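What follows is a set of notes on a single structure, which appears directly below.
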Number of protein chains: 2
Amino acid sequence: MKNIRIKDIAAKAKVSAGTVDRVLHDRGNVSEKVKERILKIIEEMNYEPNLMARALGTKKEYHFVALIGDPRYDAYWLDPKAGIQKAAKEARQYGVKVTLCMFNPYDATSFVKKAEEASKLNPDGILLAPMFYREVLPFFEAWKKQEIPFVLFNTQIAEFDPLSYIGQDSYQSGQVAGKLIHYGQPQGSSILIAHIDEEISNSAHLTKKEQGLRNYFIQNNLDHQYEIIKAELNLRNYAMFVEQLDSIFESNPQLQFCFVTTSKAFEIAKYFEQKFINHIRIVGYDLIPQNLHYLNKGAISFLINQNPLGQGYWGINQLVSHLVFKKEISAIKFLPLDIVTKENLNYYIEDSMLYNRF
Amino acid sequence: MKNIRIKDIAAKAKVSAGTVDRVLHDRGNVSEKVKERILKIIEEMNYEPNLMARALGTKKEYHFVALIGDPRYDAYWLDPKAGIQKAAKEARQYGVKVTLCMFNPYDATSFVKKAEEASKLNPDGILLAPMFYREVLPFFEAWKKQEIPFVLFNTQIAEFDPLSYIGQDSYQSGQVAGKLIHYGQPQGSSILIAHIDEEISNSAHLTKKEQGLRNYFIQNNLDHQYEIIKAELNLRNYAMFVEQLDSIFESNPQLQFCFVTTSKAFEIAKYFEQKFINHIRIVGYDLIPQNLHYLNKGAISFLINQNPLGQGYWGINQLVSHLVFKKEISAIKFLPLDIVTKENLNYYIEDSMLYNRF
DNA sequence: AAACACATTGTGTCCGCACACATTTTTTAT
DNA sequence: ATAAAAAATGTGTGCGGACACAATGTGTTT
């Protein structure tokens, strides 16, 4: 049994293909009676359009904008960028163009400026990492009014229903970190939670990671065995950063673990290296080169992979699926919480990430 | 600038589209001179065929056979089967049909019988899990003679170059297990390697996993701190299975870890449950329901995910990519060594993570 | 009843490619 | 030199869908 075509439906309904087409696209100019008959037949025959034929016939062009951090300020953004570009390349032959608007991830003003640029381009869809909560809200409203669908990634924001959110369950990643620490030291331990280099008030996901970790111990009735110390650190002033760490580790000699909620675990590793500290284990996020360096040296025990490349890729992919192929897409797409260590690292880098999962 | 079409190349080369087409498909009947000219232009203009138009235009039907284990004998095979079926469904509209041939994974004769069935169907391609090394070799030869391309998955066999191999690096997964054990007990420990329910002589991957584990400790100069005990166990006779375990744990009271190289970690967990043993940590393979039960209870610490669903999916996908879309495909596709624990489990089983492709 | 507006339905072409078939050019045989 | 065979090249159609446009049909106005 072959696939049902518009022709087949037209034949069964004793109308022409054009009429069926009008019904399919709800373009009107079809009598109620015929419309219902056709609709019923479509239902019965379980018609599914041939997406390739559809894409082939249409010459509509789609223009998407990706609003992401600029890798020149933070190398983390190399991966999302690469993922976006890969998706853009694949979608090019379907008439999709993607413009990158890259902001300074440390500067809200820059974000606003680039978001304005993005708006001015009047794209058919937007993919963005809404790093600055306060600043992004007015844009959400504007895009909604203009009916420009947008997909969020990297940072979850519940409000203002986007077309889709791609990212990780930050809370759950904190739980994973809890497990790794607990498994590494079942008798109990002293843990430093370090939020490095991101404004915590504007970054809900950092708090979620922290909560996930804390709740792991509470839920498992281990909270009296594990002491948790929290620190917000900033690298703008490196001397001060070191000073703060000095003070923390001097006053807490019993510390055995360090959980870094941002991609800056390597900074802690570097500090340990300089101070000849090697008894404190580090769990962090993101497979950026500096982190990998210390992962391979054994200074970092585990990294939780947020698959930034995949996030960028699937972000564009969602836009394409929805707008070009008019497929149903899921409103939220959690990527797996990959536990990465020196031994399985190879399979998480490169663009193998795109193929190896669905 | 739009995509280059055959027409564009034809115009530049001052020939007709038909001639370009002949060159593209190497169908001959083109003079050397013209062929080279066209080839050069194709190169220059960086032509990439429109795959949708290609798939649309051809009415050729493809018939693939998937030769896998029957889930009725071992629930492990549910996942590969599901992955294959998902890929088959997606590929259906390109004229692809997939027939499943499922053998009893504990019975080489059954494998041979089903492999013969598969051959008789004279398919355009075969995806198979070559579980029985000796028995599968003659089929490889036959298929090669018949020019039926085949893709291997699940079990790696180096010889008889298949179109592609999909699976895990078994050796490296042993290394991961080593890391998990070392991290959990840095001072050294006593480890049981359990090969359960598979004939080790016919399953090279079990040995590779073992080697990976052993070498982890050797490479890190820890081999004098970690004592490794090896056991080959069989579940045909459960009483004997228990007896063997009894004897092992009685004579090795210092055991702290158990590394199960097959998907039968839950059998060890069950045994521990019955014997009220809870100080020995288990690392195993495969997210099958029984394993997940004990993972959630905490009896199993980690499972290494072989992503069997993905293996099935990508196996069919490779055949489709190669034969239907005539894409270049990689000869080997290692899937990541996912470290799965209770806390990140959800993201490896939900099929909401089955990303849509376009 | 003719003229017209408007609602409804049908027809044809294009999208890019593959392949069958038609046509032209070149080579070979007589 | 000419016919026949072979090689090289060109042309046309269909795949399934989208959409512009053409062609009906229906009802209203004068």
Side-chain angles (χ1 to χ4, degrees), chain A residues 1-39 41-42 45-62 92-96 323-327, chain B residues 1-39 41-42 45-62 91-96 323-327 358:
Chain A
M1 184 61 67
K2 297 166 212 168
N3 277 321
I4 312 297
R5 304 158 305 166
I6 287 185
K7 259 190 187 176
D8 303 320
I9 294 168
K12 262 219 172 106
K14 294 193 209 304
V15 292
S16 72
T19 305
V20 176
D21 184 69
R22 271 182 287 268
V23 172
L24 279 169
H25 293 82
D26 211 9
R27 268 203 279 271
N29 289 329
V30 179
S31 70
E32 262 318 304
K33 197 173 53 182
V34 173
K35 182 174 174 180
E36 276 182 35
R37 188 170 74 223
I38 293 176
L39 240 24
I41 292 174
I42 288 174
M45 300 186 78
N46 215 300
Y47 169 74
E48 287 198 22
N50 184 324
L51 300 178
M52 301 190 300
R54 173 176 289 176
L56 186 60
T58 188
K59 62 215 77 184
K60 177 150 178 41
E61 307 240 310
Y62 292 89
R92 208 172 58 86
Q93 68 180 308
Y94 312 135
V96 172
L323 293 169
V324 181
F325 293 113
K326 288 159 180 62
K327 279 189 190 174
Chain B
M1 184 60 68
K2 298 167 210 168
N3 276 321
I4 311 298
R5 303 159 306 167
I6 286 184
K7 257 189 188 177
D8 303 321
I9 294 168
K12 228 147 238 157
K14 293 193 210 305
V15 292
S16 71
T19 304
V20 176
D21 184 70
R22 271 182 287 267
V23 172
L24 280 170
H25 295 82
D26 211 8
R27 269 202 278 270
N29 287 329
V30 179
S31 69
E32 262 319 303
K33 197 174 51 183
V34 173
K35 183 175 174 179
E36 275 182 35
R37 187 171 73 224
I38 292 176
L39 242 23
I41 291 174
I42 288 174
M45 301 186 78
N46 215 301
Y47 169 74
E48 288 198 21
N50 183 323
L51 299 179
M52 321 190 74
R54 172 176 290 175
L56 187 61
T58 187
K59 66 215 76 183
K60 176 148 176 44
E61 306 242 311
Y62 293 89
R92 208 172 58 85
Q93 68 181 311
Y94 312 137
V96 172
L323 293 169
V324 181
F325 293 113
K326 287 157 181 65
K327 281 188 189 172
F358 41 106

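Predicted model, so just to flag it, every value in this text is computed and none were measured. Residue numbers start from 1 in every chain, and the chains themselves are labelled A, B, ... in the order their sequence lines are given, proteins ahead of strands.
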For [X], all residues meeting side chain to side chain contact (heavy atoms under 4.5 Å, CB included), sequence neighbours excluded:
{"X": "A/Arg37", "answer": "A/Ala13, A/Val15, A/Val34, A/Ile41"}
{"X": "A/Asp8", "answer": "A/Ile4, A/Arg5, A/Met45"}
{"X": "B/Ser16", "answer": "B/Thr19"}

Hey, is NZ on B/Lys7 packed in by over 12 heavy atoms from elsewhere, all under 6.0 Å?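 Open: at most 12 neighbouring heavy atoms sit under 6.0 Å from NZ of B/Lys7.
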
Tell me, for nucleotides 13-24 of chain D in 5' to 3' order, what letter each nucleotide earns: B for a base near a protein heavy atom under 4.0 Å, S for only sugar-phosphate near one, - for neither? -BBBBBB-----

Minimal non-hydrogen separation, [X] against [Y], with atom names:
{"X": "A/Ala10", "Y": "A/Ala17", "result": "CB-N, 3.7 Å"}
{"X": "B/Tyr47", "Y": "B/Ile6", "result": "OH-CG1, 3.5 Å"}
{"X": "B/Lys35", "Y": "B/Asp26", "result": "NZ-OD1, 3.2 Å"}

At under 4.0 Å, does any side-chain N or O of [X] touch on OP1 or OP2 of [N]?
{"X": "B/Ser31", "N": "D/dA7", "value": "no"}
{"X": "A/Ser16", "N": "C/dG10", "value": "yes"}
{"X": "B/Thr19", "N": "D/dG10", "value": "yes"}

Atom pair distance, as rounded to whole Å: [atom1] in [X] and [atom2] in [N]:
{"X": "B/Tyr62", "N": "C/dA18", "atom1": "OH", "atom2": "P", "answer": "10 Å"}
{"X": "A/Glu32", "N": "C/dT8", "atom1": "CD", "atom2": "P", "answer": "9 Å"}
{"X": "B/Ile9", "N": "C/dG16", "atom1": "CD1", "atom2": "C1'", "answer": "12 Å"}
{"X": "B/Glu36", "N": "D/dA8", "atom1": "CD", "atom2": "P", "answer": "14 Å"}
{"X": "A/Lys14", "N": "C/dG10", "atom1": "NZ", "atom2": "C1'", "answer": "16 Å"}
{"X": "A/Tyr94", "N": "C/dC15", "atom1": "OH", "atom2": "C1'", "answer": "14 Å"}
{"X": "B/Asp8", "N": "C/dC17", "atom1": "CG", "atom2": "C1'", "answer": "13 Å"}
{"X": "B/Asn29", "N": "C/dT23", "atom1": "CG", "atom2": "C1'", "answer": "14 Å"}

Does A/Leu39 reach the side chain of A/Ile42, with side-chain heavy atoms less than 4.5 Å apart?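 A side-chain contact under 4.5 Å exists here.
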
Show me the donor-acceptor pairs within less than 3.5 Å that the side chains of residues 48-56 of chain A make with the rest of the protein, sequence neighbours left out.
{"residue": "A/Asn50", "atom": "OD1", "partner": "A/Met52", "partner atom": "N", "Å": "2.9"}
{"residue": "A/Asn50", "atom": "OD1", "partner": "A/Ala53", "partner atom": "N", "Å": "3.1"}

Note the angle between the end axes of the helix from C/dA1-D/dT30 to C/dT30-D/dA1, five pairs defining each, rounded to 10 degrees.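 End-to-end axis angle for the helix from C/dA1-D/dT30 to C/dT30-D/dA1: 70°, rounded to 10°.
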
